[in-house]
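Atoms considered below: every heavy atom in the structure, side chains included; atoms not considered: hydrogens, waters and symmetry mates. In listed order, ligands and their atoms are each counted from 1.
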Amino acid sequence: MPKSTPEAASLAPDVLAKYEPVIGLEVHVQLLTRTKIFCGCSTRFGDPPNTNVCPVCLGLPGTLPVLNKRAVEMAMRASLALNCTVHDHSRFARKNYFYPDLPKGYQISQYELPLATNGHLEIEVAGLPAAAGARKRIGITRLHLEEDAAKNLHEGFSQSATKAYIDYNRCGTPLSEIVSDPDMRTPDEAYAYLTTLRQILLYTGVSDVNMEEGSLRCDANVSVRLRGAKEFGTKVEVKNLNSFRYLQKALEFEIERHIAVLESGGRIAQETRLWNQAEGHTVSMRSKEKAHDYRYFPEPDLLPVHISSAWREEARRTLPELPEAKRARFVTTYGITPDIAEVLTDTQNLANYFEASAGSADPKRVANVIANWVLARVKDKDITIDKWAELVPPSQIARIVALQSTEISTGGITISTSTAREVLGKMAETGRTADEIVAAEGLAQIDDVSAIEQAAREVIAKNPDNVAKFKSGNEGVFKFFVGQVMKATHGQANPQAVNDILRKLLS
Ligand code: ADP
Ligand code: ZN
Ligand code: MG
């Protein structure tokens, strides 16, 4: 049962403002190896339960683990991308506890000598002065390797569930645990840290970091202290955060709960709590006294991990360009704003699509077409940018931009902005090229002055009343004439030419 929770919402803003939250995150990511960390079983997601198992990952007596080199390499890449020191020597340890999802009775993890320590990443923080670059560095305490446990499935949704099932397919999947320093001060910063971390891991290709499928899992540690205090307050660990939003909500709730307890003269108990999304609060799971004593000791069945400097440097050399560097390069190379650069570097595939499109057209306009029109349609259609690129290859984005531009020779064809947007949509539906659609549907903008003049004369002849109004000084009527000429030309007349011609004819 939840302990009685002081009503957090009743706290006045000036009471909340007296305290400073302190947050540190522990993140587990599944590494994208084909096989498990200590045996040759497949790590494929979604296979029938208990089909990817063997005596090693089932923990049968007499079996011995063999370390998957690829898992070490991936964890090393992640460590380097996070600016960690990757140690020459690290060591596995046994973390002992009993649970049905852990057939050996211990988890092989790293404890005293982790693979990597002392890294950092930079988050963007709204509200920081621009002089500080609006960025904040968050320390990474350590990154270590461990094996995942099996997955428990319960029939029914409550304590009274009648059956529990265990799927050992996941047991032995390689994980990296990434522990941050207690450097975050708001739920927003925690959110920014997790999104930044996720993006770096995605770029590095070590994990698909999918929170829904459980390949990215996050536990949050949070405490509060009076502003200006040197010592940290007592922390609480919050588990069961299955989405970025839950993380933020759970932190907001916990911070207010801590402050309410302290304000009412109470003390925070060091404990582990669970986020209950349905009810919007955290619930005590276990107290410090009931915390596991894991009785860690060095794993006797595995040799220490040795990483040569040659191997480490090779990993460093083959790291891709990371999001932050890519954003900075886009701003300087293409002259686009940091905001648009951020949008376009969301994933490497999107960034590549932009760069391929910008090769032969004005990059700023290409950036706008992709950031606004393309991404809106990709979202509508709920497809990946790769799928989109099959329908609308980069060369066609360049063409759409060129067709709107009067400075670039387009073979005499120009289209308006609204037409360009429409053509883009049609390309995505039909896979036809921009030129095919413009030609087939007669969408080219009318620059032919005589055709526009003809239409303008007809509009004027049909509307003597409005002509009279305009001539008597009613400037507002001019818009009416422009609208009528555009209508008569099916929106294809060059708007500037329409304006010029009407001014001439009506004067
Ligand atoms: P534990 O021994 O309980 O595992 P650690 O010192 O290893 O605690 O820290 C675990 C996580 O908790 C780290 O992410 C760390 O940054 C964070 N943390 C540590 N102390 C605090 C605190 N007082 N308030 C908030 N987070 C904290
Ligand atoms: Zn196995
Ligand atoms: Mg710890």
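Using modelled atom types, one finds no donor on one side chain facing an acceptor on the other under 3.5 Å when comparing Asn210 with Ser215. For the 3.5 Å distance criterion, the side chains of Gln110 and Ser90 qualify, holding a donor opposite an acceptor. There is no side-chain donor-acceptor pair under 3.5 Å between His28 and Ser176.
Below 3.5 Å of separation, one finds an N or O of Lys235 facing an N or O of ligand 1. Any N or O atom pair closer than 3.5 Å counts here, and Ser223 shares at least one such pair with ligand 1.
The distance from ligand 1 to the heavy atoms of Val179 drops below 4.0 Å at these ligand atoms: 13 (C), 14 (O). Set against the non-hydrogen atoms of Val22, the atoms of ligand 1 under 4.0 Å away are 24 (N), 25 (C). The Asp181 neighbourhood of ligand 1 comprises atoms 16 (O), with distances under 4.0 Å to a heavy atom of that residue. The Gly233 neighbourhood of ligand 1 comprises atoms 23 (N), with distances under 4.0 Å to a heavy atom of that residue. Numbered from 1 in the order shown, with element, the atoms of ligand 1 that lie under 4.0 Å from a heavy atom of Phe232 read 23 (N).
Ring pair Phe354/Tyr334: centre-to-centre distance below 6.0 Å.
Among Glu231, Glu26, Gln270, Arg142, the residue whose heavy atom lies closest to atom 10 (C) of ligand 1 is Glu26. In this structure, of Ala220, Pro21, Ser180, Pro182, the residue bringing a heavy atom nearest to atom 13 (C) of ligand 1 is Ser180.
Backbone or side-chain N, O or S atoms of Cys41 reach the Zn ion (ligand 2) at under 2.8 Å.
Below 30°, between 30° and 60°, or above 60°: for Tyr191 and Phe244 the angle between ring planes is above 60°, a perpendicular geometry. Ring geometry for Phe92 against Phe38 counts as perpendicular: the plane angle is over 60°, on a 0 to 90° scale with 30° as the lower cut.
Neither the backbone nor the side chain of Thr234 has a heavy atom within less than 4.0 Å of ligand 1.
Electrostatic pairing of Lys136 and Asp183 does not count as a salt bridge here, judged by no charged N lying under 4.0 Å from a carboxylate O. With respect to Arg91 and Glu299, no salt bridge is recorded, no charged nitrogen being found less than 4.0 Å from a carboxylate O.
Here the angle at the Zn ion (ligand 2) defined by SG in Cys39 and SG in Cys57 stands at 110°, rounded to 10 degrees.
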